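For reference, the structure discussed in these notes is given below.
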Protein chains: 2
Amino acid sequence: MRHADANPDVDQLTLTDVLAALSDPLRVGLVRLMADGAEYTFGEFAVPVAKSTLSHHLKVLNAAGLTWRRDEGTRCYLRLRRDDLDTRFPHLLDTVLAAADRDDVGSHVGNHAGHHVTTP
Amino acid sequence: MRHADANPDVDQLTLTDVLAALSDPLRVGLVRLMADGAEYTFGEFAVPVAKSTLSHHLKVLNAAGLTWRRDEGTRCYLRLRRDDLDTRFPHLLDTVLAAADRDDVGSHVGNHAGHHVTTP
DNA sequence: TAGGTTGTTCGATGTTCACCGAACTTCGAA
DNA sequence: TTCGAAGTTCGGTGAACATCGAACAACCTA
């Protein structure tokens, strides 16, 4: 629930905010993981930073409109806002993801096993 | 001449550096101006910042590989590295420019009249 | 050669950012 | 109801950034 300014409207998104959010390798790694369309929770991201830092990065991604978050009980589910991004900035996400894949940007972000990987 | 680290190699460019360079509205405005493929010098950019600040922003763009610079006498000519960018990060520049045009990002950057506007 | 033009560099300032550990809130489960 | 798990928030730190004015170097031109 926390975080009243979560999930900004599509028309509030700005290009420079999106690009700034994607200018950090760790955040690109997070986005690449979420690119499968599945929902992820905090603990499913295997990142080499403290959990407060991860919380910060996920907040940046959400504020820029890159993720959709849904809180359920004590945990929140995150998912890429691919359709909204595509509407607002056509092809941008695909193009960045393709380049990130080619260069393996943010490969230090992994997926913790034992959690759901299926697209709901 | 100054600036030994100018015009980095294509294979040295990183995605996150390019995105970081494009995460500033003023720099996006500069890139949009140069999108016509012409060469620009310092004084042709009508920007609302001090010339030292403009120098800084143009250095950031060059360091990220977005521009090609050629020094001639007392002035330097800048041009978009469109082909190199397209090779390294296919469609990225076009996609960002299209989004920037739609949103009119960096419109506070103008073109000083009286200078060359023709593609050489 | 004396000036003006062009662009860089140098502090200096205030802001933002990435990062951490620790304290805190919420909630589900035992 | 007590405990642990999931995230958030807070204070703090060092680095990076945007910005300015002023001083500087390089060059062309009158």
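We use all heavy atoms of the structure for the numbers below, so side chains are in, but hydrogens, waters and symmetry mates are not. Below, chain A is the first sequence line, B the second, and so on; all start at residue 1. None of these values were measured; they are calculated from a predicted model.
- For the pair B/Lys59 NZ and D/dC17 P, the computed distance is 12 Å after rounding to whole Å.
- Atom CG in A/Leu30 sits about 14 Å away from atom C1' in C/dA18, given to the nearest Å.
- Of the candidates D/dT9, D/dA5, C/dT8, the closest approach to any side-chain atom of B/Phe42 belongs to C/dT8.
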task: Step by step, work out the side chain to side chain contact (heavy atoms under 4.5 Å, CB included) result for B/Asp101 and B/Arg32.
output: CA-CA 8 Å; B/Asp101 282 346; B/Arg32 283 180 70 198; 2.9 Å; yes
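- At whole-Å resolution of the value, CG in A/Asp71 and P in C/dG28 are 12 Å apart.
- Judged by distance alone, the side chain of B/His112 and the main-chain N or O of B/Gly43 form a donor-acceptor pair under 3.5 Å.
- The CD-C1' distance, from B/Glu44 to C/dT6, rounds to 12 Å in whole Å.
- Between A/Thr41 and D/dA6 there is no side-chain N or O to OP1 or OP2 distance below 4.0 Å.
- Between B/Glu72 atom CD and C/dG7 atom C1' there is a gap of 15 Å when expressed in whole angstrom units.
- Here C/dT8 presents its C1' atom at 13 Å from CG of B/Leu78, a figure rounded to the nearest Å.
- The distance from atom CZ of A/Arg70 to atom C1' of D/dA6 is 15 Å, rounded to the nearest whole Å.
- For DNA chain D, none of the residues of residues 14-24 of chain A falls under the heavy-atom distance limit of 4.0 Å.
- The side chain of A/Arg69 contributes no N or O atom lying less than 4.0 Å from OP1 or OP2 of D/dG7.
- Across all non-hydrogen atoms, the minimal contact from A/Phe89 to B/Arg102 is N-NH2, 4.4 Å.
- Remark: aromatic rings of B/Tyr40 and B/Tyr77 are distant, center separation not under 6.0 Å.
- At least one donor-acceptor pair under 3.5 Å links the side chain of B/Asp24 to the backbone N or O of B/Leu26.
- Between B/Arg88 and A/Asp103 there is a salt bridge, with a side-chain nitrogen of the basic residue lying less than 4.0 Å from a carboxylate oxygen of the acidic one.
- Here the closest heavy-atom approach between residue A/Val31 and residue A/Leu97 is recorded as CG1-CD2, 3.9 Å.
- Against DNA chain D, the stretch residues 45-58 of chain A makes heavy-atom approaches under 4.0 Å through A/Lys51, A/Ser52, A/Ser55.
- Close to C/dT26, at under 4.0 Å from its OP1 or OP2, lies no side-chain N or O of A/Arg75.
- Using a distance-only test at 3.5 Å, with no hydrogens or angles considered, no donor-acceptor pair links the side chain of A/Ser55 to the main chain of A/Lys51.
- Nucleotide C/dG7 holds its P atom 15 Å from the CG atom of B/Leu61, rounded to whole Å.
- One finds a salt bridge joining B/Asp94 and B/Arg82 here, because a Lys/Arg side-chain nitrogen approaches an Asp/Glu carboxylate oxygen to under 4.0 Å.
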